K.L.:
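Before I ask anything, here is the structure I am working with.
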Amino acid sequence: MARTSGVKNRSNGAAKEKASNANIVANASGNQRTDYSRWRLLDEAGCQTWHYLQTEEEVKEWPQTIADKYHLGMETGLPNLAPARTPLESAHNALSFFSHLQLPPGNWACEYGGPMFLLPGLVITWYVTETHIPEPYKIEIKNYLYARQNPKDGGWGLHIEGESSVFGTSMNYTVLRLLGASAEDPRVVKARGLLHKMGGAVNGPHWAKFWLSVLGVCSWDIVNPVPPELWLLPDWVPIAPWRWWIHMRQVFLSMSFVYSKRWSYPVNDLTSQLRQELFTQPYESINFLSHRNSISSRDNYHPKSWFLNTINWTLVNVWNPYLRTNALVKKAEDWVWWLIQAEDENTNFSNLGPVNGPMNMLCCYIKEGPDAYSVREHRKTLEEFIWIKAEGMLMNGTNGVQSWDTSFLIQAAVEAGFATDSKWKPMLVKALEFLEDQQIGDECRNQHLCYRQQRKGAWAFSTKKQGYTVSDCTSEGAKAVMMLQEVPGYPKLISDERLKDAIDVLLTMQNASGGCASYEPQRGSEYLEYLNAAEVFGRIMVEYDYPECTTAVVTALSIFTKRYPEYRTEEIAAFKTRAVDYIRKAQRPDGSWYGSWGICFTYAGMFALESLASVGESYGNSERVRRACKFFLDHQMEDGGWGETYKSCETGEYCQHEKSQVVQTAWACIALMEAEYPDVVPLKKALKMIMGRQRSNGEWIQEAIEGVFNKSCMISYPNYKFIFPIKALGMFAKRHGNIELL
Ligand code: LAN
């Protein structure tokens with residue numbers, strides 16, 4: 001693919017900026033819009049960045065690809081295919097379409113949006129670190145926020161489908177203003193009206209108060225304490241931060257550094273206007289200290305415990321003014337800074353996620369100044385969180401879904417029997433090359449000092465560069481590699497040794513309960529939830545057992561032992577026995593499993609039945625599996641499909657969607673086939689529904705959101721609508737024949 005290196009560099013000079021501005025047009029409603037034919041997605045070893053081409057020469061030199069057009073919501077020009085009558089024809093058409101979206105390193109990319117609280121951290125960080133924000137970014141971020149503004153009340157919620165809250169509204173209002181929206185724009189006026197109705201920004205949760213204090217539009221007095229001193233606690237202390245869920249402790253880490261410095265951006269015209277706009281009374285008259293615990297009921301998903309409130313009171317009234325000596329502050333800040341640098345080094349400045357990424361950059365800016373190497377590197381890696389689509393520009397929930405989606409696609413293609421078809425071999429070899437490149441090859445430097453989990457041999461969710469082991473990402477990666485490498489004619493890119501490294505990592509991931517968590521085994525007690533200060537999320541302080549993670553590990557271990565029966569045989573057997581025990585216990589009396597990372601019972605049920613099948617439990621020999629099948633069948637809809645809404649995740653009860661969903665229907669079919677459910681009629685009906693919704697070019701269009709985290713926040717997995725139908729259709733053809741369904 002042709003491209004110029006100049007394009008990659010975002011420090012465009014004024015002349016180039018002018019050129020790019022010349023291509024900005026107004027759309028039907030009078031908003032500014034960039035010229036979508038100028039956006040390009042660059043994928044360098046899985047590091048994905050979008051570029052807006054400035055000149056005609058650049059446009060000629062770097063043509064827009066089908067993948068670019070697809071992700072931008074433009075016409076792809078992909079042809080109509082022969083109408084599919086059988087499941088394999090349908091899967092084939094889908095793969096034909098999807099194969100055009102594969103990127104040069106071999107992976108697939110996608111939007112990973114949903115949360116509405118991520119962009120503000122990024123934009124505020126850019127703003128306060130005086131990072132140049134190109135005009136096309138400003139325009140498209142505003143477009144996205146307008147597109148996602150609640151049409152009824154004018155606000156934003158925690159995620160795109162959620163009800164408006166102070167968190168979403170105060171933060172995204174601020175973003176609009178920082179990017180040049182006028183306070184008089186009717187949409188901004190409407191948002192402000194709602195914010196005032198909800199009591200203004202003083203009623204926001206902790207993270208909103210933190211970011212607004214960084215911006216200098218709140219006083220730090222409003223922020224409940226984030227004491228870096230906690231990092232000085234000896235490791236044996238039950239509340240020591242190394243025991244927390246990794247996302248919480250990494251956010252707490254950099255947040256505590258900024259809090260300790262009480263760093264704020266100097267006031268300017270715009271921020272002094274914001275000081276007046278965000279509150280219901282004049283800024284000067286607000287007693288910020290008295291609002292530390294103010295929070296609107298819409299944001300208070302997880303109210304703070306009396307225990308945390310008491311600790312906060314003591315920290316504010318006793319510890320901070322009387323006991324917190326300068327020597328202690330220095331010691332804590334130094335240690336926190338060391339850990340921040342370790343996180344930057346271990347992730348090549350990618351950082352664990354979209355919250356601690358911008359915060360780490362801010363810490364580097366505060367500590368090392370605007371032009372430090374660290375700050376420049378952060379500026380570059382933050383670009384990897386940016387995504388552009390038809391609605392505008394957003395921030396992804398991670399720096400991509402590369403390894404995860406690629407592993408699943410390989411598995412789906414093998415299941416469907418496509419791996420032996422020479423037509424798909426080049427695509428699958430590329431995908432395998434990607435997984436080979438992305439397997440993590442070494443441990444972190446100072447692994448134990450910075451509390452990192454073993455990772456040599458693991459796969460991350462996104463990229464090796466980010467470098468965090470995840471139990472199920474490693475499992476799915478290893479599964480994909482084992483399945484594809486044994487198909488005759490495929491190269492063995494990953495050696496036995498390297499597969500064994502992956503298994504070694506998995507064997508470190510079991511909790512005492514037998515279950516597996518996400519990034520690490522559980523390190524602290526669930527009582528740590530009493531210290532949960534985030535208010536907007538529940539069950540985030542420590543790792544938990546997750547049925548999906550546990551089941552993925554069990555399936556990977558089963559597949560592995562079949563091929564390598566000699567390796568760590570007893571340990572693997574013991575691990576599996578305990579894990580399967582946990583899976584059985586985690587099943588609810590109605591036959592279902594609660595899913596934490598996808599919606600919801602349908603998602604977890606699929607993984608659970610796959611893992612039980614891998615240890616020989618199926619409909620014929622297991623009462624549990626029969627119960628699980630009954631649960632699925634009880635929820636099949638009139639049209640043959642399944643559809644569950646995100647409300648299931650919040651309420652813990654199955655909530656029926658008004659319309660069946662292609663992705664969930666595929667999950668349910670896979671589950672029933674893994675279970676060897678004997679009656680083929682419900683499957684046929686379901687697959688007919690899936691095939692009926694397929695477009696003539698092989699694609700399915702986006703339906704409801706598929707993923708979730710922390711119970712209350714939804715997140716999109718747009719590639720699932722290709723991957724899982726391909727797998728379900730292919731599995732059906734293999735097991736029940738490639739019969740005509742349409
Ligand atoms: C993810 C995305 C992937 C997900 C699976 C692999 C699907 C899951 O099975 C294990 C957990 C994991 C890795 C996961 C954990 C939490 C993440 C990173 C996310 C849901 C994506 C975004 C989210 C992150 C915490 C968002 C930032 C918000 C904070 C509260 C810090």
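Ligands are counted one by one from 1 in listed order, and the atoms in each one are counted from 1 as well. All of these numbers come straight from a predicted model, not from anything done at the bench.
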K.L.:
Against heavy atoms of Phe709, which atoms of ligand 1 measure under 4.0 Å?
P.N.:
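Matching atoms, with element in brackets: 20 (C), 26 (C), 28 (C).
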K.L.:
Give the residue, atom name and distance (to 0.1 Å) of the protein heavy atom nearest atom 6 (C) of ligand 1.
P.N.:
Asp472 OD1, 3.4 Å
K.L.:
Is Phe607 close enough to touch ligand 1? Criterion: a residue heavy atom under 4.0 Å from a ligand atom.
P.N.:
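The answer is no, since Phe607 has no heavy atom less than 4.0 Å from ligand 1.
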K.L.:
Quick one: does Tyr468 get within less than 4.0 Å of ligand 1, heavy atoms only?
P.N.:
no
K.L.:
For Lys647, enumerate each residue passing the side-chain contact (heavy atoms from CB on, under 4.5 Å) test, keeping only those at least two apart in sequence or located in another chain.
P.N.:
Thr645, Glu650, Cys655
K.L.:
Do you see a donor-acceptor pair shorter than 3.5 Å between the side chains of Asp405 and Asn107?
P.N.:
no
K.L.:
Below 4.0 Å from any atom of ligand 1, is there a heavy atom belonging to Phe252?
P.N.:
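Heavy atoms of Phe252 never come under 4.0 Å of ligand 1.
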K.L.:
Do you know the tightest heavy-atom contact between Ile583 and Thr550?
P.N.:
CG1-CG2, 4.0 Å
K.L.:
Out of all atoms in ligand 1, which are within 4.0 Å of some heavy atom of Asn710? Include the element for each.
P.N.:
30 (C)
K.L.:
Which of the atoms in ligand 1, numbered in the order shown and given with their element, are less than 4.0 Å from a heavy-atom of Gly397?
P.N.:
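Atoms satisfying the 4.0 Å criterion: 22 (C).
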K.L.:
Start with the C-alpha distance between Glu535 and Lys209, add both sets of side-chain angles, then the distance that settles salt bridge (charged side-chain N to carboxylate O under 4.0 Å, His left out), and finish with yes or no.
P.N.:
CA-CA 12 Å; Glu535 295 157 321; Lys209 288 168 173 163; 5.7 Å; no
K.L.:
Between Lys721 and Gln661, is there a side-chain heavy-atom distance shorter than 4.5 Å?
P.N.:
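SC-SC contact between Gln661 and Lys721 ruled out.
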K.L.:
Side chains of Val223 and His206, heavy atoms from C-beta outward: is any pair under 4.5 Å?
P.N.:
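Val223 reaches His206 side chain to side chain.
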K.L.:
Which atoms from ligand 1 have a heavy atom of Phe537 less than 4.0 Å away?
P.N.:
30 (C)
K.L.:
Find all atoms of ligand 1 within a distance of less than 4.0 Å from any non-hydrogen atom belonging to Tyr112, and give their numbers and elements.
P.N.:
2 (C), 3 (C), 21 (C)
K.L.:
Closer than 4.0 angstrom: is that true for some heavy atom of His247 and an atom of ligand 1?
P.N.:
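Heavy atoms of His247 do come under 4.0 Å of ligand 1.
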K.L.:
For ligand 1, which is the ligand I care about here, please tell me if Trp245 has any N or O atom under 3.5 Å from one of the ligand's N or O atoms.
P.N.:
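Looking only at distances, the answer is no, because the N/O contact criterion of under 3.5 Å is not met.
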K.L.:
Counting non-hydrogen protein atoms only, what is the nearest one to atom 13 (C) of ligand 1? Give residue, atom name and distance.
P.N.:
Tyr519 OH, 3.5 Å
K.L.:
Record the part of Tyr546 in heavy-atom contact with ligand 1 below 4.0 Å; permitted values are side chain, backbone, both and neither.
P.N.:
neither
K.L.:
Mind checking whether Phe724 and Phe408 have ring centres under 6.0 Å apart?
P.N.:
yes
K.L.:
Just jot down the ligand 1 atoms closer than 4.0 angstrom to any heavy atom of Cys473, in number order.
P.N.:
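Ligand 1 atoms under the 4.0 Å threshold to Cys473: 6 (C).
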K.L.:
Distance only, no hydrogens: is a donor on one side chain within 3.5 Å (strictly under) of an acceptor on the other, for Asn360 and Asp344?
P.N.:
yes
K.L.:
Describe, in one word, how the ring planes of Tyr603 and Tyr720 are oriented to each other, choosing from parallel (under 30°), tilted (30 to 60°) and perpendicular (over 60°).
P.N.:
parallel
K.L.:
Just which atoms of ligand 1 are under 4.0 Å from any heavy atom in Met248?
P.N.:
30 (C)
K.L.:
Would Arg452 pass as a cation-pi partner of Tyr468, given that its NZ or CZ must be under 6.0 Å from the six-membered ring centre and within 45 degrees of the axis?
P.N.:
yes
K.L.:
At less than 4.0 angstrom from any non-hydrogen atom of Phe461, what atoms of ligand 1 do you find?
P.N.:
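So the answer, numbered in order with elements, is 2 (C), 3 (C), 6 (C).
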